[in-house]
Amino acid sequence: MTTAPRLTPAPGHTAVDFEQRVDFDRLRGYRLGRARAALEASELGALLVFDTNNIRYLTSTVIGEWARDKFTRYALLTRTGDPYVWDFGSAARHHELHAPWLAPGHSRAGLLGLRGAIAPEAGLFAAAVREIKAILAEEGVVDLPVGVDAAEPPMLFELARQGVLAADGQQVMLDARQLKSPDEITLLSMAAAMVDGVYQDIAEALKPGVRENEIVALANKRLYEMGSDDVEAINAVSGERCNPHPHNFSDRLIRPGDQAFFDVIQSFNGYRTCYYRTFAVGSATPAQRDAYTRAREWIDAAIDLVKPGVSTDRIARVWPAATAFGFRDEMAAFGLQFGHGLGLGLHERPIISRLNSLENPMEITEGMVFALETYCPAADGYSAARIEEEVLVTADGPRILTRFPAQELFIANAY
């Protein structure tokens, strides 16, 4: 008797006593352990992070999408201590009450420049660096470089002025985040399941007279109803807008016979999706079907190669060169035949494309989760097909997390 391979679970969103679902204590411990190991393997004494994904990875704190572009939250992890987080106003007090995994006194109110709205002359950067430097000294790492991921220029200038050597901390954080735990994989699967359902809604709503932005509104509503904590973007592209791919949406009216593709980028408990599907509205032409078939062949060829030990250049080579589908070079075509890691961030490791992977490949390892996406313009000059699958790397090869039907071109509301 042959045993069917187990599916990656996508359990219900609530906690229950009768099933083992996501263990958030275990998740927090895994992430901090990975970060500590990556820091220990580096030449850095500490990590000072401003990227909201890195702050969440280190401290398991978040105050919503509002904070993503403000550069006012930050966190510090040294080789020898527990993580600190500086947060906006009363959020720091909230963490003291509701985030007991943070050590006492390690959740602090903080404010920097709000992207220049508060001038450096106000002294907030100087005060923040003095506080950080005191912690570095107390924990015995003040003479070692501090890894910074992203920051306002005045912060970098002030670190230098006070004698703190800043280095690249983003690579260390990406090292930590590269391999996903079972809890992270479950959250990624749950996020994908939400988009499975949204695509059913889109397929039913995709009719002539509906506008692209109405589909975007529908998707946002359903995702937030299902528990999404951030709908980052919905690409909705139809008709003559399909070629070249504009990577956005408009108020264009869907028309009979359109080819239309969508990308749903959202997160559940921070873990993101990037999930394209292509539809034909009512009917499809031979040119549209042919473009879809080729895009499917390219993505299937890539998926078939996914297993531990394979290098990313091998995957990139099965995709067509940029010049083969109408672009002058690989930079101009970047992101069309593409792979990228998924986790708390939309673009984690590995990044797979002919632009970077042929000369700078990396090895695929068990526990990676990444999206593979292909794009094929149609012979009619304006239609195009776009497909994306999210892939978990297991010891036995690839496991697909994205399940809305995509082996053949889906005809929505066929005539």
Side-chain angles (χ1 to χ4, degrees), residues 174 233-250 258-265 273-280 284-306 310-342 345-364 368 370-391 393 398 402 406-407 409:
L174 287 169
I234 308 288
N235 284 336
V237 183
S238 65
E240 65 276 5
R241 297 185 68 246
C242 291
N243 183 12
H245 183 359
H247 296 278
N248 63 5
F249 67 89
S250 77
D258 276 349
Q259 201 161 27
F261 55 79
F262 305 87
D263 188 15
V264 180
I265 304 170
T273 65
C274 191
Y275 186 166
Y276 270 100
R277 284 296 184 263
T278 296
F279 301 85
T285 66
Q288 291 168 343
R289 292 182 184 277
D290 180 65
Y292 192 89
T293 297
R294 284 188 290 161
R296 188 73 240 182
E297 289 171 350
W298 296 338
I299 202 168
D300 286 341
I303 292 170
D304 287 346
L305 288 173
V306 172
V310 170
S311 58
T312 53
D313 60 314
R314 287 189 60 195
I315 292 176
R317 289 182 193 281
V318 305
W319 291 330
T323 53
F325 60 103
F327 288 84
R328 65 181 180 273
D329 55 35
E330 296 303 332
M331 182 64 80
F334 182 76
L336 297 180
Q337 323 299 345
F338 184 40
H340 58 92
L342 285 172
L346 181 63
H347 295 129
E348 299 190 357
R349 291 181 182 153
I351 298 296
I352 309 172
S353 82
R354 295 179 68 93
L355 177 66
N356 63 291
S357 300
L358 301 186
E359 300 298 328
N360 187 31
M362 69 176 297
E363 184 177 311
I364 291 171
M368 285 182 173
F370 49 82
L372 295 172
E373 48 191 293
T374 57
Y375 171 87
C376 185
D380 61 20
Y382 57 87
S383 300
R386 184 74 154 149
I387 309 172
E388 185 168 23
E389 304 286 14
E390 297 175 8
V391 183
V393 183
T402 39
Q407 286 305 121
L409 179 58

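Just so it is clear, the values below take in all heavy atoms, side chains as well, and ignore hydrogens, waters and symmetry mates.
A distance of 12.0 Å separates CD1 in Ile351 from CG in Asn360, rounded to the nearest 0.5 Å. One distance of note links SG of Cys274 with CG of Asp263; it measures 4.0 Å at 0.5 Å rounding. Here the CG atom belonging to Asp313 is positioned 6.5 Å from the CG atom belonging to Leu358, to the nearest 0.5 angstrom. Rounding to the nearest 0.5 Å gives a distance of 15.0 Å between CD1 of Ile299 and OH of Tyr375.
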Under the criterion side chain to side chain contact (heavy atoms under 4.5 Å, CB included), I'd like the reasoning laid out for Arg296 against Ile387: C-alpha separation, chi angles, the key distance, then a yes or no. CA-CA 7 Å; Arg296 188 73 240 182; Ile387 309 172; 3.7 Å; yes

Side chain to side chain contact (heavy atoms under 4.5 Å, CB included) between Phe262 and Phe249, intermediate numbers included: CA-CA 9 Å; Phe262 305 87; Phe249 67 89; over 6 Å; no

Evaluate side chain to side chain contact (heavy atoms under 4.5 Å, CB included) for Ile234 paired with Ile265, printing each intermediate quantity in order. CA-CA 6 Å; Ile234 308 288; Ile265 304 170; over 6 Å; no

Side chain to side chain contact (heavy atoms under 4.5 Å, CB included) between Gln337 and Phe325, worked out: CA-CA 11 Å; Gln337 323 299 345; Phe325 60 103; 3.4 Å; yes

Worked check of side-chain hydrogen bond (donor to acceptor under 3.5 Å, both in side chains) between Asp290 and Thr293: CA-CA 5 Å; Asp290 180 65; Thr293 297; 5.7 Å; no

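The two atoms that bring Ala260 and Ser238 nearest to each other are CB-CB, 3.8 Å, heavy atoms only. Across all non-hydrogen atoms, the minimal contact from Ile315 to Ala302 is CG2-CB, 3.8 Å. Annotation for Arg294 and Pro377: closest pair NH2-O, 3.5 Å, computed over non-hydrogen atoms. When all heavy atoms of Cys242 and Gln259 are compared, the closest pair comes out as SG-O, 3.2 Å.
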Please report, to 0.1 Å, the donor-acceptor pairs under 3.5 Å made by any side chain of residues 316-324, with sequence neighbours excluded.
unit_1 : atom_1 : unit_2 : atom_2 : d
Trp319 : NE1    : Trp298 : O      : 3.4

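Looking at heavy atoms from C-beta onward, Met368 lies out of side-chain contact with Arg349 at the 4.5 angstrom threshold. Proximity of Glu388 to Leu372: side-chain heavy atoms (C-beta onward) are nowhere separated by under 4.5 Å. Within the 4.5 Å cutoff, the side chain of Phe261 has no heavy atoms near those of the Arg277 side chain. Put simply, the side chain of Val237 reaches to within 4.5 Å of the side chain of Pro246, judged on heavy atoms. Proximity of Thr374 to Leu336: side-chain heavy atoms (C-beta onward) are nowhere separated by under 4.5 Å. Contact annotation: the side chain of Arg241 approaches that of Asn248 to within less than 4.5 Å [non-hydrogen atoms, C-beta and beyond]. The side-chain heavy atoms of Ser311 and Met362, taken from C-beta on, include no pair separated by under 4.5 Å. Side chains of Val306 and Val393 form a contact here, defined as non-hydrogen atoms less than 4.5 Å apart.
Between the side chain of Ser353 and the backbone N or O of Leu355 there is at least one donor-acceptor pair closer than 3.5 Å. In this structure, the side chain of Tyr292 engages the main chain of Ala406 through a donor-acceptor pair within 3.5 Å. Using a distance-only test at 3.5 Å, with no hydrogens or angles considered, no donor-acceptor pair links the side chain of Arg314 to the main chain of Leu305. No donor-acceptor distance shorter than 3.5 angstrom exists from the side chain of Asn243 to the backbone of Ala384, with no hydrogens or angles considered.
More than 12 heavy-atom neighbours from other residues, nucleotides or ligands sit within 6.0 angstrom of CZ on Phe327.
Here Tyr276 pairs with His245 under the ring-ring contact (aromatic ring centres under 6.0 Å, His included) rule; sequence neighbours left out.
Between His347 and Phe338, the ring planes are tilted. Angles from 30° to 60° get that label.
Between the side chains of Gln288 and Ser383, at least one donor-acceptor pair of N or O atoms lies under 3.5 Å. At a cut-off of 3.5 Å, with distance as the only test, no side-chain donor of Arg386 or Asn235 sits close to an acceptor on the other residue. Glu389 and Thr402 are linked by a side-chain donor-acceptor pair at a separation below 3.5 angstrom, with hydrogens and angles left out of the test.
Judged as a salt bridge (Lys or Arg N to Asp or Glu O under 4.0 Å), the pairs with a partner in residues 320-336 (not counting sequence neighbours) are, in order, Glu330-Arg354.
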